[in-house]
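Step one of this worksheet: look at the structure below.
In what follows, chains carry the letters A, B, and so on, assigned in the order in which the sequence lines appear, proteins first and then strands, with residues in each chain numbered from 1.
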Amino acid sequence: MSEASSVPVKSMDAIMSLCKRRGFIYQASEIYGGINGFWDYGPLGAQMKKNLRDAWWQDMIMRPCWGKDGPNGKPVKCVPVETRIIQHPKVWEASGHVGGFNDPMVDCRETKQRYRYDHVSVFVPASGDPGDKPLFAYMKDSPSEAKQQKKAEKAFGQVKTVTLTTIPVAQFTKVLGPDAEKVGTLTEPKQFNLMFKTYLGATATEDDKAYMRPETAQGIFVQFKNVVDTTRVKVPFGIGNTGTSFRNEVTPRNFTFRSREFEQAELEFFCHPDESPAWYAFWRDYRMAWWQSIGLTSENLILREHDKDELSHYSVGTSDVEYRFPFTAPGYGELEGIAHRGSFDLTQHQQHSGVKLEYNDTERGEVLPNGGRRGERYIPHCIEPAAGLDRGVLALICEAYTRDESRPSPEFMKFHPRIAPIKAAIFPLVAKDGMPEVAEKLQADLNARFWKLGGIEMDEKQSIGKRYARMDEAGCPYCFTVDGDTLKDQTVTCRDRDTGAQTRISIDKVGDFLAEKLGV
RNA sequence: GCGGGCGUAGCUCAGUGGUAGAGCGUCAGCCUUCCAAGCUGAACGUCGAGGGUUCGAGUCCCUUCGCCCGCUCCA
């Protein structure tokens, strides 16, 4: 994690209170005291999140990569699906989530610490029996490592490292916990399932157990064959979806960043194995550019390529688009992971389901006498750009939040026009002399043209400055003010949120002006 | 899960065991010709929840929930 940045860290408290005050984000079930790990969106937040989801859908499914060609020199092709939160339980066995999400943990009775069973290491004698002396458990790269090593070397001389999993539970009585004073305080390993469990049918027996998905991706892999068989898609192509996933986090934290219920926007892009490195690099670079295009323009956004030792055994590469949130600074938090998953997922589902998931590529293989090709059968490789929409909203809010004490309205949200929940506001300078009527008509005209994209508001209450300030906090990029001159020369003032600058434009050009700014 | 801090109006926060407060915001009216102006008025609180001590609890005690910070965890 890089720590170099000249961007000042914003106050998360101030951001959170603005989110509440202006109706972006509320605590879920707040009147009952809230519920840990769940957050609701208010009117502005819900519209903003829809704008983000729509932008993803447009730029990933409808017109992928802004219409640019992929590394194969052809336009990128993607189709959508919508799959269910609850899948066949075997889906999660095949995906590795039953297992990976069932990490056994050990607790320390003395220090009340909890450790992942397979992450605990132990210093034991390099050879021979420890006798009555303890075995020294530690967590790699924590202070306990050096401390325990010193003790172990004093006890045994030469030491070596094994993992706790290799030590019989019966021997735990001889293990000194990483930060413990007494030996034998570690409990036997226990299961902590991060997947939410539920029961199908009203009788709720263990036989009816099912899981709520911890990611949307598996639904795509499971329907891969149906999409290929029914929609005339040809590799390379992508299948995308957005939807809610659930993870029963041990410690929900950091506002909406780590929630137990969250929405993902995931694309699985299938290609020939030989072309997969090029597609991986292509998606990685596009996804970074995409987040920048919707407003994450500061150096708080980085693309981080995983080190080789962070990669799954099947993966050629993984990159994260990361954002430096106020609560992660000087570190970063993940917004999106772009993973080269190889043929891992389709292979797993082929094995577990017994259904062939090979693709017959009729554009490959030897040329036949009739000019066609024999075809090549293979399991496609997959590039997975998987974004978190709630994290995206949070990053966009943090990025947009601005304080400038020199302004009349010091606190404002600098949303990209495409993301802003309110696209424009119309004000009569004063609520008399026919100005409200002109403003109402302009509001109605703009609304008729832009209602699909977001709010077009009209406000005539209180001073013009207060109305500008209200729109600044809501992140509305443009305000149009009808004044005395409007009645004479048919022009209005266009006020820019970020600069406060005012320009006069013809009232019948306001729609075109807004369309250009919104990129429609 | 552990440790620390905090929960009072929509937001930010005062509040000595004795009548529930301020600023901002919101709403209504007046005023107002370009940046949270002014005047008048109004609404909004079971003081996070539940117990206990007390003649009396926002205040003291216990339990619990939530949020923030540090560990731990982070598929």
Q: Report the distance from atom CZ of Arg467(A) to atom P of U33(B), rounded to the nearest whole Å.
A: 12 Å

Q.
Only pairs with both distances under 3.5 Å count, Watson-Crick or wobble alike; so what is the partner of U16(B) in this structure?
A. none

Q: Indicate whether OP1 or OP2 belonging to A36(B) is found under 4.0 Å from a side-chain N or O atom of Ser409(A).
A: no

Q.
Please enumerate all residues that pass side chain to side chain donor-acceptor pair (under 3.5 Å) together with Arg470(A), with sequence neighbours excluded.
A. Asp459(A), Gln462(A)

Q: Tell me whether the guanidinium CZ or amine NZ of Arg391(A) lies under 6.0 angstrom from the six-membered ring centre of Phe262(A) and within 45° of its axis.
A: no

**Q.** Assigned partner base of C2(B), Watson-Crick or wobble definition, under 3.5 Å
**A.** G70(B)

**Q.** Assigned partner base of A57(B), Watson-Crick or wobble definition, under 3.5 Å
**A.** none

Q.
Donor-acceptor check, side chain of Arg467(A) to backbone of Leu429(A), threshold 3.5 angstrom: yes or no?
A. yes

(Q) With a 3.5 Å limit on both atom pairs, tell me what G7(B) is paired to, counting Watson-Crick and G-U wobble, or say none. (A) C65(B)

Q) Pick the nucleotide of RNA chain B nearest each of Thr251(A) and Arg504(A); which residue has the one closer to the 5' end? A) Thr251(A)

(Q) Rounding to an integer number of Å, can you tell me how far Arg403(A) CZ sits from U12(B) P? (A) 13 Å

Q.
So does Phe24(A) get a backbone contact from the side chain of Arg22(A), meaning a donor-acceptor N/O pair under 3.5 Å?
A. no

Q | Presence of Arg22(A) side-chain N/O under 4.0 Å of G25(B) phosphate oxygens OP1/OP2 | A | no

Q.
With a 4.0 Å cutoff (strictly under), does any side-chain N or O of Lys20(A) reach OP1 or OP2 of G10(B)?
A. no

Q | Separation of atom CZ in Arg470(A) from atom P in A36(B), rounded to whole Å | A | 12 Å

**Q.** Nucleotide opposite C30(B) in a Watson-Crick or G-U pair, distances under 3.5 Å
**A.** G38(B)

Q | Base A28(B) to side chain Gln462(A), donor-acceptor N/O within 3.5 Å cut-off | A | no

Q | Heavy-atom side-chain contact between Glu457(A) and Lys423(A) under 4.5 Å | A | no

**Q.** Any N/O donor-acceptor pair, Gln502(A) side-chain to C34(B) base, under 3.5 Å
**A.** yes

Do any N or O atoms of the protein come closer than 3.5 Å to N or O atoms of nucleotides 67-69 of chain B, and which pairs are they?
{"unit_1": "C67(B)", "atom_1": "OP2", "unit_2": "Asn36(A)", "atom_2": "OD1", "d": "3.1"}
{"unit_1": "C68(B)", "atom_1": "OP1", "unit_2": "Phe255(A)", "atom_2": "N", "d": "2.7"}
{"unit_1": "C69(B)", "atom_1": "OP2", "unit_2": "Asn254(A)", "atom_2": "OD1", "d": "3.2"}
{"unit_1": "C69(B)", "atom_1": "N4", "unit_2": "Arg253(A)", "atom_2": "NH2", "d": "3.2"}

Q. Listed in order of residue number, which residues of residues 382-395 of chain A have a non-hydrogen atom at under 4.0 Å from RNA chain B?
A. none

(Q) Working note: Ile302(A) + Arg324(A), criterion side-chain contact (heavy atoms from CB on, under 4.5 Å); need CA distance, chi angles, decisive distance, verdict. (A) CA-CA 8 Å; Ile302(A) 59 163; Arg324(A) 183 171 165 266; over 6 Å; no

Q) Would the number of heavy atoms belonging to other residues, nucleotides or ligands and lying under 6.0 Å from NZ of Lys140(A) be above 12? A) no

Q. Looking only at side-chain N and O atoms, does Lys432(A) come under 4.0 Å of OP1 or OP2 in U32(B)?
A. yes

Q) If you pin Val430(A) and Gly500(A) to their nearest nucleotides in RNA chain B, which one's is more 5'? A) Val430(A)

Q) side-chain contact (heavy atoms from CB on, under 4.5 Å) with Gln218(A): which of Arg213(A), Gln87(A), His97(A)? A) His97(A)

Q) Counting only side-chain N and O atoms of Lys466(A), is one of them less than 4.0 Å from OP1 or OP2 of G25(B)? A) yes

Q.
With side-chain contact (heavy atoms from CB on, under 4.5 Å) as the criterion, how do Asp498(A) and Phe412(A) come out once you've worked through the C-alpha distance, each side chain's angles and the decisive distance to 0.1 Å?
A. CA-CA 8 Å; Asp498(A) 299 340; Phe412(A) 65 111; 3.9 Å; yes

**Q.** NZ or CZ of Arg284(A) within 45° of Tyr280(A) ring axis and under 6.0 Å
**A.** yes

